[in-house]
Amino acid sequence: MSGPIQGRLFFSFLRIGLLGFGGGPSMIPLVHQEVVKRHGWLEDEEFADILAIANTLPGPIATKMPGYIGYRIGGVAGCANAVLAVILPMIVAMILMLGLFSHYRDVSWIHGMGQGVVPVVMVMMAQLAWDFLHKSRLALGWTVSLGMAAIAGGLIYWLGIHPGWVIGAILVTALLQPAPKAKSAEGAAP
């Protein structure tokens with residue numbers, strides 16, 4: 001792809017890397033905002049598919065999603081570009097913050113600063129969950145959506161099954177489902 005798309009890709013993921021406090025899961029709403037709502041590089045359904053697949057693969061989601069999205073938008077260069085952009089702020093921040101933390105670790109406001117970010121991340125994750133619930137309701141209906149959410153929650157939280165296994169099982173089940181038959185012309189009135 002051309003240079004301007006690489007620049008937009010870099011600055012979009014740089015912004016995500018700069019604002020994504022709390023790790024990979026807190027970045028998911030920011031990635032959604034940038035690639036779906038702001039730039040329109042992906043549709044909501046594509047984003048949900050990428051998120052599901054990224055959760056099944058090993059490694060941090062903070063690099064898997066930018067890598068795949070960058071590849072879709074800008075090829076191999078886009079992949080490297082997006083991953084570099086999203087991890088660069090983390091690397092610089094880690095070096096600076098670890099230096100500051102080791103020097104000021106006993107100051108109370110340092111401890112409070114980390115605690116202040118938690119409610120903001122919670123609201124961002126709740127908004128994303130609500131958006132996915134709404135899309136699931138439109139595609140599957142309330143009964144199936146809430147039933148699947150309850151079963152997945154039980155498997156993950158009560159039985160301790162890794163979310164990747166649950167998502168993988170759902171993907172395999174969907175792949176094994178027979179395709180719905182198209183209405184044939186035989187039943188049509190003459």
Side-chain angles (χ1 to χ4, degrees), residues 9 12-13 15-17 19-74 78-79 82-83 86-87 90 114-115 117-184 187:
L9 190 62
S12 292
F13 281 99
R15 186 174 17 259
I16 292 165
L19 301 175
F21 290 101
S26 68
M27 290 181 167
I28 294 169
L30 298 173
V31 173
H32 183 266
Q33 177 67 32
E34 286 291 323
V35 303
V36 175
K37 293 184 178 178
R38 184 171 193 189
H39 293 289
W41 290 327
L42 298 173
E43 297 294 323
D44 279 321
E45 295 76 22
E46 294 172 306
F47 182 82
D49 291 343
I50 293 168
L51 177 60
I53 292 169
N55 273 314
T56 63
L57 299 173
I61 199 161
T63 54
K64 289 183 288 189
M65 286 190 73
Y68 180 76
I69 293 167
Y71 181 77
R72 282 249 336 239
I73 296 165
C79 174
V83 172
V86 84
I87 66 170
M90 289 184 251
Q115 298 301 319
V117 173
V118 173
V120 175
V121 172
M122 179 184 69
V123 169
M124 290 169 53
M125 293 301 289
Q127 177 62 44
L128 187 63
W130 179 256
D131 288 346
F132 281 144
L133 179 63
H134 177 67
K135 288 173 186 70
S136 178
R137 179 192 60 85
L138 292 176
L140 303 172
W142 276 118
T143 306
V144 174
S145 295
L146 293 176
M148 287 179 69
I151 291 168
L155 292 171
I156 294 167
Y157 293 108
W158 290 314
L159 296 179
I161 296 173
H162 190 278
W165 288 111
V166 175
I167 293 169
I170 292 169
L171 291 174
V172 167
T173 303
L175 288 172
L176 295 177
Q177 291 272 334
K181 295 184 179 183
K183 292 182 181 179
S184 64

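Sequential numbering from 1 along the given sequence is applied to the chain's residues.
- In this structure, the ring pair (Phe, Tyr, Trp, His ring centres under 6.0 Å) partners of F47, at least two apart in sequence or on a different chain, are H32.
- Within the model, atoms NZ of K135 and CG of D44 stand 4.0 Å from one another, a figure rounded to the nearest 0.5 Å.
- Looking only at side-chain heavy atoms (C-beta outward), M122 and M125 stay at 4.5 Å or farther from each other.
- Listed here is the closest heavy atom pair of H162 and N55: CE1-O, 4.4 Å.
- Panel note: side chain S136, backbone S145; no donor-acceptor pair is recorded below 3.5 Å.
- In this structure, I151 and V166 have side chains that are not in contact, with every pair of non-hydrogen atoms separated by 4.5 Å or more.
- Using a 4.5 Å heavy-atom cutoff, the side chains of L133 and L146 are in contact.
- One distance of note links CD1 of I28 with CD1 of I61; it measures 4.0 Å at 0.5 Å rounding.
- Here the CD atom belonging to Q33 is positioned 10.0 Å from the CD atom belonging to Q127, to the nearest 0.5 angstrom.
- Side-chain contact between R72 and L42 is present, with at least one heavy-atom pair separated by less than 4.5 Å.
- To the nearest 0.5 angstrom, M65 atom CE is 5.0 Å from L51 atom CG.
- Listed by chain and residue number, W41 satisfy the ring pair (Phe, Tyr, Trp, His ring centres under 6.0 Å) test with H39 (two or more places apart in sequence, or in another chain).
- Within a 6.0 Å radius of OH in Y71, no more than 12 heavy atoms belonging to other residues, nucleotides or ligands are found.
- Two residues are said to be in side-chain contact when any heavy atoms from C-beta on lie closer than 4.5 Å; L30 and M124 meet this criterion.
- The structure places CD1 of I50 at 5.0 Å from CD1 of I69, a figure rounded to the nearest 0.5 Å.
- No side-chain heavy atom of Y68 sits less than 4.5 Å from a side-chain heavy atom of I53.
- Of all heavy-atom pairs spanning V36 and E43, the tightest one is CG2-O, 4.2 Å.
- Using a 4.5 Å cut-off on side-chain heavy atoms (C-beta onward), V35 and F13 make contact.
- Within a 6.0 Å sphere centred on CH2 of W142, other residues, nucleotides and ligands contribute more than 12 heavy atoms.
- In this structure, G67 and V83 approach most closely via the heavy-atom pair CA-CG2, 3.5 Å.
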